[in-house]
Protein chains: 2
Amino acid sequence: MGLTKTEIFTDQQNEISLFAKVFGHPARVAILQHLFKINSCVCGDLVNEIGLAQPTISQHLKELKHLGLIKGNVEGTSVCYCIHKENWTVMKTIMTEFLNQDLSKSQDCC
Amino acid sequence: MGLTKTEIFTDQQNEISLFAKVFGHPARVAILQHLFKINSCVCGDLVNEIGLAQPTISQHLKELKHLGLIKGNVEGTSVCYCIHKENWTVMKTIMTEFLNQDLSKSQDCC
DNA sequence: TTAATTTATTGCAATATTACGATAAATATT
DNA sequence: AATATTTATCGTAATATTGCAATAAATTAA
């Protein structure tokens with residue numbers, strides 16, 4: 001066990017959980033917030049900005065990139081990361097729909 | 001290791017990641033969607049609705065309850081769960097603020 | 001070419017998560 | 001009281017995640 005049974009859920013449910021999972025670590029939240037904050041795209045500054053070792057940051061960046069929420073651009077020896085705007089918008093639509101489910105219909109049972 | 005360094009992040013970043021983490025499993029997404037869908041609050045029906053064993057569902061419900069997103073009401077031998085409306089709204093505000101960060105400011109680097 | 005700089009990858013240890021069988025706890029029914 | 005029903009908890013196995021030292025890979029500078 002220890003293995004999520006993705007096959008018994010809908011594609012939508014799996015997609016929501018995948019996006020949520022990547023936001024489920026404060027380092028990745030911090031990375032994204034920093035990429036939003038600064039106009040120009042920062043690269044290895046993230047290692048200084050956030051207090052984690054370089055391989056750890058690199059790993060978190062990889063996960064964000066893998067989900068398509070950021071893109072990386074090689075510039076000399078360094079790599080410049082930024083938010084993938086189009087994909088972020090798509091993700092936002094999916095997550096917002098989940099968060100905005102109608103509360104008025106559901107009765108309170110307790 | 002294997003331990004998230006929460007102390008180096010802001011309370012806001014940790015809070016966002018905690019909410020996201022609980023949505024980071026399709027079973028919990030499915031449970032929440034089902035609680036939204038049906039007017040009356042369902043209980044152990046969730047075990048049938050979702051294809052996971054009863055202890056597994058119970059464990060997921062515990063996590064959702066621990067974060068305050070649902071509440072449970074004992075009714076005879078069964079327990080009736082429902083969305084905790086006030087807390088859901090608070091969570092929604094926090095998550096929406098994170099998702100709605102200003103895209104127009106951030107330059108594209110790639 | 002050699003050294004310096006920056007990022008990615010590998011390998012590994014520590015911890016967390018997922019899932020479920022077994023069983024306990026609580027209440028309802030007979 | 002004894003039994004049935006429902007949910008929670010415990011224990012445990014399998015897998016995933018987190019973090020970092022060591023090192024590789026890629027590019028630039030001297």
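Just so you know, these numbers use all the heavy atoms, side chains as well, and skip hydrogens, waters and symmetry mates. Just so it is clear: chains get the letters A, B, ... in the order the sequence lines come, proteins before strands, and each one is counted from 1.
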Nearest to side-chain heavy atoms of [X], which nucleotide of [options]:
{"X": "B/Val79", "options": "D/dT18, D/dT7, C/dT7", "answer": "D/dT7"}
{"X": "A/Ser58", "options": "C/dA8, D/dT9, C/dA19", "answer": "C/dA8"}
{"X": "B/Ser78", "options": "D/dG19, D/dT7, C/dT18", "answer": "D/dT7"}

(request) Could you check B/Met91, B/His66, B/Arg28 and say which one makes a side-chain contact (heavy atoms from CB on, under 4.5 Å) with B/Val22? (result) B/Arg28

(request) Taking atom CG of B/Asp11 as the centre, report whether more than 12 heavy atoms of other residues, nucleotides or ligands fall under 6.0 Å from it. (result) no

(message) Which label fits A/His60 and A/His25: parallel for a plane angle under 30°, tilted from 30 to 60°, or perpendicular past 60°?
(response) tilted

(message) By the 4.0 Å heavy-atom rule, please label B/Thr4 as base, sugar-phosphate, or nothing.
(response) sugar-phosphate

(message) Would you say the rings of A/Phe19 and A/Trp88 are close, in the sense that their centroids are separated by under 6.0 Å?
(response) no

(message) Short of 4.0 Å, heavy atom to strand atom, which residues of residues 44-57 of chain A count as contacting DNA chain D?
(response) A/Leu52, A/Ala53, A/Pro55, A/Thr56

(request) Please list, by residue number, the residues of residues 17-31 of chain A whose heavy atoms come closer than 4.0 Å to an atom of DNA chain D; answer none if no residue qualifies. (result) A/Lys21, A/His25, A/Arg28

(request) Could you tell me whether the side chain of A/Ser78 and the main chain of A/Val74 form a donor-acceptor pair under 3.5 Å? (result) no

(request) Check whether any side-chain N or O of A/Tyr81 sits under 4.0 Å from OP1 or OP2 of C/dT6, and answer yes or no. (result) no

(request) Treat primed atoms plus P, OP1 and OP2 as sugar-phosphate and everything else as base, then score nucleotides 25-30 of chain C 5' to 3': B for base contact with protein heavy atoms under 4.0 Å, S for sugar-phosphate contact only, - for none. (result) --BS--

